[in-house]
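As a basis for the values below, the full set of heavy atoms in this structure was taken, side chains included, without hydrogen atoms, waters or symmetry mates. Labels below follow one simple rule: chain letters A, B, ... track the order of the sequence lines, proteins then strands, and each chain is numbered from 1.
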Amino acid sequence: MRYIQDCEIVAHDLVAPKHWRMRLRSEDIARAAQPGQFCMVEVVETLYPFLRRPMCFSEIHDDGFTLLYKVEGEGTQLLSQRVPGQTCSIQGPLGNGFPIAPELERHVIVSGGIGVAAFPALARALAETCGRPPEVILAARTRELLLCADLFRSLGCTVHLATDDGSAGEKAYAARMLERLGPGPGTLVYACGPMIMMSTTAAVAARAGASCLVSLEAQMACGDGACLGCVVESKVEHEGEKMVRVCVDGPVFDAALIDWEAHNTAYDL
Amino acid sequence: MRYIQDCEIVAHDLVAPKHWRMRLRSEDIARAAQPGQFCMVEVVETLYPFLRRPMCFSEIHDDGFTLLYKVEGEGTQLLSQRVPGQTCSIQGPLGNGFPIAPELERHVIVSGGIGVAAFPALARALAETCGRPPEVILAARTRELLLCADLFRSLGCTVHLATDDGSAGEKAYAARMLERLGPGPGTLVYACGPMIMMSTTAAVAARAGASCLVSLEAQMACGDGACLGCVVESKVEHEGEKMVRVCVDGPVFDAALIDWEAHNTAYDL
Amino acid sequence: MKNPVTVASGTFGYGEEFDRYFDVSLLGAVTTKSISLKPRAGNKPPRLVETPAGLLNAIGLQNVGIDRFLSQKAPYLRTRNATIIANIYGHSPEEYAELARRLEAEGAADAIEANLSCPNVHDARTAKGAVLVSQSCEAITVYTQAIRDATRLPLYIKLTPNVMNIQEPALAAEAAGADGVCLINTLLGMAINPETRKPRLANIVGGLSGPAIRPVAVKMVWDAARVLRIPIIGTGGISGAASAIEFLLAGATAVSVGSMSFRRPDTALRVVEGIAEYLKRHQIADVNQLIGAMQA
Amino acid sequence: MKNPVTVASGTFGYGEEFDRYFDVSLLGAVTTKSISLKPRAGNKPPRLVETPAGLLNAIGLQNVGIDRFLSQKAPYLRTRNATIIANIYGHSPEEYAELARRLEAEGAADAIEANLSCPNVHDARTAKGAVLVSQSCEAITVYTQAIRDATRLPLYIKLTPNVMNIQEPALAAEAAGADGVCLINTLLGMAINPETRKPRLANIVGGLSGPAIRPVAVKMVWDAARVLRIPIIGTGGISGAASAIEFLLAGATAVSVGSMSFRRPDTALRVVEGIAEYLKRHQIADVNQLIGAMQA
Ligand SMILES: Cc1cc2nc3c(=O)[nH]c(=O)nc-3n(C[C@H](O)[C@H](O)[C@H](O)COP(=O)(O)OP(=O)(O)OC[C@H]3O[C@@H](n4cnc5c(N)ncnc54)[C@H](O)[C@@H]3O)c2cc1C
Ligand SMILES: Cc1cc2nc3c(=O)[nH]c(=O)nc-3n(C[C@H](O)[C@H](O)[C@H](O)COP(=O)(O)OP(=O)(O)OC[C@H]3O[C@@H](n4cnc5c(N)ncnc54)[C@H](O)[C@@H]3O)c2cc1C
Ligand SMILES: Cc1cc2nc3c(=O)[nH]c(=O)nc-3n(C[C@H](O)[C@H](O)[C@H](O)COP(=O)(O)O)c2cc1C
Ligand SMILES: Cc1cc2nc3c(=O)[nH]c(=O)nc-3n(C[C@H](O)[C@H](O)[C@H](O)COP(=O)(O)O)c2cc1C
Ligand code: FES
Ligand code: FES
């Protein structure tokens, strides 16, 4: 099921500099949404910005869902000005969520910066279905950008903090932290964050024989597979195509399929 | 003095179907503004709608001013969604206000529909400087669109109501009401409303030997005399030009100078 | 067509992507993504950049190729009872003719739209002079005749706005046997990221679409309508019924909704409904009364 | 010019209208409204209609004429210490030459910009083929040479984007002796009110400007920069420093802020300041290092 609904903004708070949490009401979308899926958010009613903005479901509640986003440019800046009581048009859920595999031994979430957005919903689902909450590596530039740590702890997760400037946790890169946790063939790693963080994390997992899923970003117009704008190059052909669409073939991909070099060049990240 | 200021929205209320009253804070603009002048309002931060919207000062307070507007299209629709606490960029005051002439015997305001917007500020100024509050003819399509009647009464004005459907006051056109008040050579009529109402009011005044000032509308881009977009045809040349600019040569004009036929064709009203 | 509303090629996939939002058989027709003989991978990403009230794209005609179109995409649309306008793209008049022939032979299209105007399949750095087929009246003649000879299906020629006077290519298409023209394809454009100093599209140049270009498109439809006897499908920045009606009044016989489907997947359906509501409100019996009915 | 930022003709009046918002001598130059030999009344209203992220205008070159320009407008700008680019419009090469001669003789301009591209002074209903001077390379040559012979002031030729390939008219202007070109004037466009079925402009057709057209303008500047040796003034939808820098990176030597001055009268000054801030942040010593510095 896919919906386009005007959802009421229930709460909207600045949680760190330039980072906002917005709770929206929609029982339909909440019922249909899976961790790792995303929605397309209309940031303003008028047609500039023209396109919706993709945002993943950060938390999924009984009566709605929560977005967690960073102000990057014009669109998210305008979104941040909306206030509770107003409505916001949401299209979703879209894309493929994270597969939940209780049979695996170990689940490790590796999150960098705003890449954390999708993980509270995933952590809750894993905690509920796998018996054991996932381990979480939470990395960010600086202390105040380490988001959702308490939320993960409240779900029972062990949280390993890392910052680039050493202001909290370890002064280390996320991939290095993963290496030290000693992943193995029975480990499933879920990574989301800057491109370089995902590619290095994928490399660490590969060397250890662990599986690694990444959640990718790309410029999107439709979110529905129609515009062919959001493609990334895959190492393996998918239905005869070298180009896979982040919106419908992803956003969650097996890291081993992604041509990281091509992707880095394209998005310059 | 002209300002471009981000003014705080102090209050914003729906006063009749599709009609809003917005109070903004700015001591600078309030100090500089004259009844009949207008400002250019940025309805959204983003560039669609691209242009500001002209709105006259409806009331002028010590610490700010009030706008009274009707939702006509996209721009005013977006403006109506803003909430107190947010700011709104205002450019002004612009244009020429109403001349205040205490030496004249009689002052009659003739208002049609949202044309009433400029008159509360004018009525107060006249009441304060002329010793005697102006008479007001307040016409609208229907009862609930007769705005500001109590405000005028609180200033001591005699208010004559008229509606097209007879739901309040008389079922009569404003120009006809003016005729019955018997204006004469010592009377100054101030008219604002639909084009047809202003032209018929001007004709009544002319026949009675009364002066008549009208406040015109036109499509505006700059509000400052630069774009030459807001012109109307004048019967008399102004600095060698047949075309006069509503923004800087008006918006208040002597009705006798306006080529009503050309203006009606142009704006199709 | 049961109503004068279709969707613009490349903005509605193969129709199936939108089936989950509404019943696509309610549209006058579904116009599909440009199909070539061989599947095409398209350009490298980034392929999209948003611009003020618009969108630049350089997809590069990624498509599944005629074989998969015939075996999967068209049959699916048929199960949905959609009228199909198949948009085609080739590298020579012969390729276009071959595509048209196969589509007709397999009953996979109710009409053909030949894209002679895609801005994203040439290297912008070296291009000089006429680089799109529809920038040359001679080329339009040759291509249109070749396709005309290959099919009896209604044939629409899609033209580029990047010309000095749209009347010339439109008349060339008409003279060569087209049943109609589609106006407009995207306007050439580009954008640069000041922080990285790189072009925002991997292809550097792309095609501009969306509400931003609507005034340009309406003008071109009006220009063409004054000289053509064949119908025009008006396209460019339609965002709802009001803007669709603008195109009809300017002289378009039908309209196609393009990029706006990205913002609201059900825009085309809303346009169908909005036009019906408008006709009722204005007590107009037949939508054809609106065509070219601007009162200048 | 003390900095590479000016304003677009017709969007900044004669400069004096903006003097109350900031000191106009802080701009590289003030480009004034097109001036003709006789005063012009311009077109009938409505002359403006807003479009998505843009503006259609059909002012029709209303202006005070060269006499009042020389006696009032230029002297006022001189008292404000502004550098003046005087934009001129005539009905023949001789009229342009005469305007240039008088401006130079009276010291009323530091440079001349010849508007060979105003879309609002022809009857759109009957126009066929090349209707603007700058749609014909031959005409550009004749007009440019005539003005060139009349003045030694720096001469910029302002071109229309309504051509197939902007390189041709740009090269024609260069070959005929222009010191630079100004790209772009407005794109032809129109809009219709569906409720009244009337065109929204009394002139029916107008010129489209504003952020909506920026991608088209950047592309044309980039195209022209690859073949010209003379400087380009980039214009079209500049709304702040970031978009101004886009034009420089594409190859413009200077930029002019147009319609955005309507939205924010101090935009041009903000662009001056924003470019300075950008150069500092990126540790670039000279703004000229940005010109054509896109990394493709
Ligand atoms: C599937 C998916 C899920 C996402 N979930 C989240 C989320 O939960 N929280 C969050 O903060 N962000 C998320 N993003 C990224 C978010 O969509 C972009 O930050 C946002 O679109 C930027 O919009 P803007 O108008 O503010 O920035 P713009 O002015 O459009 O651009 C600012 C910068 O952001 C980049 N950008 C723009 N659009 C995208 C995009 N679609 N993807 C990646 N980069 C982009 C631009 O290249 C530019 O560098 C997600 C993206 C995708 C594809
Ligand atoms: C000097 C001046 C003072 C004004 N004061 C007020 C006021 O106090 N309260 C108030 O409600 N309105 C006032 N107006 C009119 C107001 O500016 C328009 O209603 C508004 O701009 C419409 O914007 P929109 O985006 O909602 O409508 P649009 O979608 O832009 O247009 C909707 C309709 O309004 C017409 N319109 C658009 N702009 C103008 C304009 N500038 N003038 C006249 N008609 C226009 C259009 O032609 C169209 O028919 C004033 C206009 C002027 C020129
Ligand atoms: C992402 C995208 C892909 C497109 N692909 C095609 C295509 O394959 N074939 C074609 O003829 N036109 C293509 N177009 C052009 C559209 O069909 C249409 O002519 C143009 O976008 C203008 O309409 P709009 O402003 O409503 O989008 C594409 C446009 C976009 C935005
Ligand atoms: C209201 C208006 C009036 C204009 N008048 C002139 C003019 O007199 N002469 C001229 O050469 N260009 C004129 N132009 C074109 C601008 O100078 C500029 O080339 C165009 O608007 C594109 O820039 P922009 O998108 O930044 O506005 C005018 C533009 C507008 C919007
Ligand atoms: S966003 Fe359109 S195909 Fe993915
Ligand atoms: S609004 Fe620009 S001259 Fe009046």
Next on the checklist: Taking CZ in B:F253 as the centre, count heavy atoms belonging to other residues, nucleotides or ligands within less than 6.0 Å. Is the count above 12?
Outcome noted: yes
Item to check | Max heavy-atom pair count under 4.5 Å with chain B, selected residue of D:A212, D:A41, D:G54 | outcome: D:G54
Item to check | Check: D:L48 and B:C227 side chains under 4.5 Å, non-hydrogen atoms | outcome: yes
Checklist entry - Quick one: what part of B:M220 sits under 4.5 Å from any heavy atom of chain D, side chain, backbone, both or neither? => result backbone
Next on the checklist: Go through it in stages, so that I can follow the logic: the residues are D:E50 and B:R52, the test is salt bridge (charged side-chain N to carboxylate O under 4.0 Å, His left out), and I'd like the CA-CA distance, side-chain angles, deciding distance and then a yes or no.
Outcome noted: CA-CA 10 Å; D:E50 220 186 358; B:R52 290 168 183 258; over 6 Å; no
Checklist entry - With chain B, which of D:S259, D:G13, D:P52, D:G42 has the greatest number of heavy-atom pairs at distances under 4.5 Å? => result D:P52
Checklist outcome for this item: Residues D:P211 and B:F50: closest non-hydrogen pair is CD-CE1, 3.3 Å
Item to check | Within 6.0 angstrom of B:D62 CG, more than 12 heavy atoms from elsewhere | outcome: no
Next on the checklist: If you count heavy atoms of other groups shown closer than 6.0 angstrom to NZ of D:K38, is the number above 12?
Outcome noted: no
Checklist entry - Taking non-hydrogen atoms and a cut-off under 4.5 angstrom, which of residues 14-24 of chain D neighbour chain B? => result D:E17, D:F18, D:R20, D:Y21
Checklist entry - Between B:C222 and D:F262, what is the shortest heavy-atom contact and its length? => result CB-CD2, 3.5 Å
Next on the checklist: Rounded to the nearest 0.5 Å, what separates atom CD1 in B:I4 from atom CG in D:D266?
Outcome noted: 4.5 Å
Item to check | chain D contact via B:E42 - side chain, backbone, both or neither, heavy atoms under 4.5 Å | outcome: side chain
Next on the checklist: For B:L47 versus D:M260, what's the shortest heavy-atom pair and its separation?
Outcome noted: CD2-CE, 3.8 Å
Checklist outcome for this item: Honestly, the part of B:T46 sitting under 4.5 Å from a heavy atom of chain D is backbone
Checklist entry - So, the side chain of B:Q91 versus the backbone of D:R264: is there a donor-acceptor pair under 3.5 Å, distance only? => result no
Checklist entry - Between the main-chain N or O of B:L228 and the side-chain N or O of D:R47, is there a donor-acceptor pair closer than 3.5 Å? => result yes
Checklist entry - Considering only heavy atoms from C-beta outward, does the side chain of D:V49 approach that of B:Q219 to under 4.5 Å? => result no
Checklist outcome for this item: Cut-off 4.5 Å, heavy atoms of chain B, and the answer for D:S239 is side chain
Next on the checklist: More than 12 heavy atoms of other residues, nucleotides or ligands under 6.0 Å from CZ of D:R78: yes or no?
Outcome noted: yes
